[in-house]
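Report on one structure; see the data block that follows.
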There are 2 protein chains.
Amino acid sequence: MRNDQADDVDNRLFLKSVARALHVLEAFGRHPHPLSLREIAEAAGIDKSAAQRVAQTLLTLGYLERAGNDAGLLPGKALLDRSFDYLRTNPLIERAAPVLSQLRATARERVDLSLFDGTTIIYAMRLQSKRETFYATLAGRRIPTFSSSGGRACLARLDEAEARDIVERCDRQAQTQKTITDVDAVMDKVREARADGYACALEESLIGEIVLSAAVTDLAGRPLGAIHIAGSLAEWDEDDFRRRFAPHAIAAAKAL
Amino acid sequence: MRNDQADDVDNRLFLKSVARALHVLEAFGRHPHPLSLREIAEAAGIDKSAAQRVAQTLLTLGYLERAGNDAGLLPGKALLDRSFDYLRTNPLIERAAPVLSQLRATARERVDLSLFDGTTIIYAMRLQSKRETFYATLAGRRIPTFSSSGGRACLARLDEAEARDIVERCDRQAQTQKTITDVDAVMDKVREARADGYACALEESLIGEIVLSAAVTDLAGRPLGAIHIAGSLAEWDEDDFRRRFAPHAIAAAKAL
DNA sequence: AACGATCGTATCGCTAGTCGATACCATAGA
DNA sequence: TCTATGGTATCGACTAGCGATACGATCGTT
């Protein structure tokens with residue numbers, strides 16, 4: 001999971017106790033249900049005593065809560081405060097908010113802002129369209145870089161070698177039958193995105209869904225994230241969708 | 001800010017190092033902009049060395065990031081992962097997701113789910129309507145219990161003494177000219193909400209906005225949160241809004 | 001250029017904070 | 001009643017982290 005262990009070990013400034021506590025919180029990412037002390041200890045690779053101390057601490061600070069039927073522990077509301085801080089302090093989000101909601105108003109389809117983070121991208125803002133249920137529409141969700149249009153839009157802003165390296169390091173599992181998992185085939189798509197100025201993915205994450213993305217970069221041209229427009233193939237065919245929305249996505253991304 | 005210090009001190013299980021690290025992250029809630037090491041140290045009440053160690057640790061774990069122009073540190077994307085875990089593991093959110101989006105579809109106004117947390121409530125899910133910009137629409141935002149319709153809907157499910165205690169402990173600053181800050185006046189509103197089965201707030205948080213809320217409770221009848229429907233006074237007058245949406249809000253809350 | 005202020009980074013000996021084994025007290029099911 | 005499993009509490013030993021200090025870079029100022 002972590003290949004910078006080497007750095008950690010020789011880094012005299014690294015606080016193991018802090019890392020332990022965060023590993024406890026991260027355990028709920030892998031086990032999304034109430035956990036007992038013993039389960040926490042196992043998931044975080046610590047003994048029961050350590051888990052007890054960490055849990056008590058996080059509990060009093062609001063980063064953990066007791067599950068309803070005293071059936072264990074769950075993440076706490078304080079985590080929402082911290083992610084709010086993240087969004088509020090991120091200058092990209094600040095600038096993107098009005099642009100996104102205007103884009104949403106003109107496109108009348110689902111609009112997202114995702115952030116580039118190596119082998120995955122993470123949704124930061126989501127403006128849903130009509131139906132749309134469930135976790136798919138929650139901020140904080142991560143999806144693989146290689147198979148998402150937003151991810152490929154970002155890769156297109158990197159040089160060939162760096163992009164290829166990331167694609168190779170991705171966990172390239174097929175999400176649907178249409179997911180492109182071959183490295184060379186993905187790189188073809190990346191080059192296509194580089195040429196077009198936007199990326200497009202057809203049913204690679206979800207059957208029936210077409211997503212089109214334009215990358216947002218910093219002043220140096222490095223990708224920070226991407227703006228997505230997502231539609232349903234029941235209402236659009238690919239060419240129409242591209243023609244209609246690609247200019248909007250590119251313009252919105254350029255505005256940032 | 002924290003009156004359980006007494007408990008903390010005599011609790012032998014409380015890990016100070018973990019608390020220190022979290023205080024560092026919380027510093028960005030009070031100072032929403034890039035912070036230098038020295039500023040972090042000040043905000044978290046620790047010395048520069050400690051801040052350095054904590055910052056290095058959080059940096060390598062992704063809970064802090066360097067600001068673009070190496071102008072300091074900012075919260076990191078890992079925080080979004082954790083809030084996603086919170087939302088995903090919270091059974092109320094799971095049940096509420098489909099109900100909310102259906103409510104959004106029928107009401108065609110902004111719909112929110114907030115969670116009751118003592119003197120504040122915190123937005124967990126937000127389905128915006130048309131325009132709506134900025135942070136107002138982000139999950140994780142906290143607003144005072146006493147002046148929000150959602151908060152008062154929750155208070156209405158507590159007994160008189162407990163509700164009054166919370167109102168008194170709130171930081172009762174007026175958000176707008178219309179904010180009701182007097183304890184007795186707030187309690188009148190709470191009693192009204194108890195009688196009606198829903199609460200209503202007129203321009204108490206934002207001028208021109210009317211919000212109507214119904215509380216969601218656990219099996220024991222204790223309030224967990226509230227469902228909000230928010231509209232614009234430019235489009236509705238109070239009576240129409242109440243008549244039209246109160247039944248929907250109550251029904252949606254009851255469905256949970 | 002030389003200066004002082006302020007930034008991030010690195011070092012190191014001492015001690016207080018944490019570790020981890022262990023015991024305790026519930027509740028629940030056999 | 002017994003055993004398994006949950007959360008809670010205790011305590012001596014030892015190590016992880018404290019905090020003072022120092023260093024090199026980068027500024028804007030004089």
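Throughout, protein chains are lettered first and strands after them, A, B, ... in sequence-line order, and every chain is numbered starting at 1. Every heavy atom of this structure was used, including side-chain atoms; hydrogens, water molecules and symmetry mates were not.
When the C1' atoms of four end pairs are superposed on the next four at each end of the helix from C:dG4-D:dC27 to C:dA30-D:dT1, using five pairs per end, the two resulting axes differ in direction by 30°, to 10°.
Spacing between atom CD of B:E39 and atom C1' of C:dG8 amounts to 13 Å, rounded to whole angstrom units. Atom CZ in B:R66 sits about 12 Å away from atom C1' in C:dC7, given to the nearest Å.
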N/O contacts under 3.5 Å, protein versus nucleotides 21-26 of chain C?
unit_1	atom_1	unit_2	atom_2	d
C:dA21	N7	A:S49	OG	3.3
C:dA21	N6	A:S49	OG	3.1

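Both A:L73 and B:A50 sit near DNA chain D, but only A:L73 has its closest nucleotide nearer the 5' end. Of the two residues near DNA chain C, B:G72 and A:R20, the one whose nearest nucleotide lies more 5' is B:G72. The residue among A:R38 and B:V54 whose nearest nucleotide of DNA chain D lies closer to the 5′ end is A:R38.
Distance NE2/A:H228 to CG/A:L100: 10.0 Å, rounded to 0.5 Å. A:L87 CG to B:L80 CG: the interatomic distance, rounded to the nearest 0.5 Å, is 5.5 Å. Distance CG/B:L113 to CD1/B:I122: 11.0 Å, rounded to 0.5 Å.
In this structure, A:S17 and B:L15 have side chains that are not in contact, with every pair of non-hydrogen atoms separated by 4.5 Å or more.
For the residue pair B:L35 and B:H31, the shortest heavy atom distance occurs at CD2-CB, 3.9 Å.
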(request) Show your reasoning for whether side-chain contact (heavy atoms from CB on, under 4.5 Å) applies to A:R20 and A:H23. (result) CA-CA 5 Å; A:R20 250 192 306 268; A:H23 285 329; 5.6 Å; no
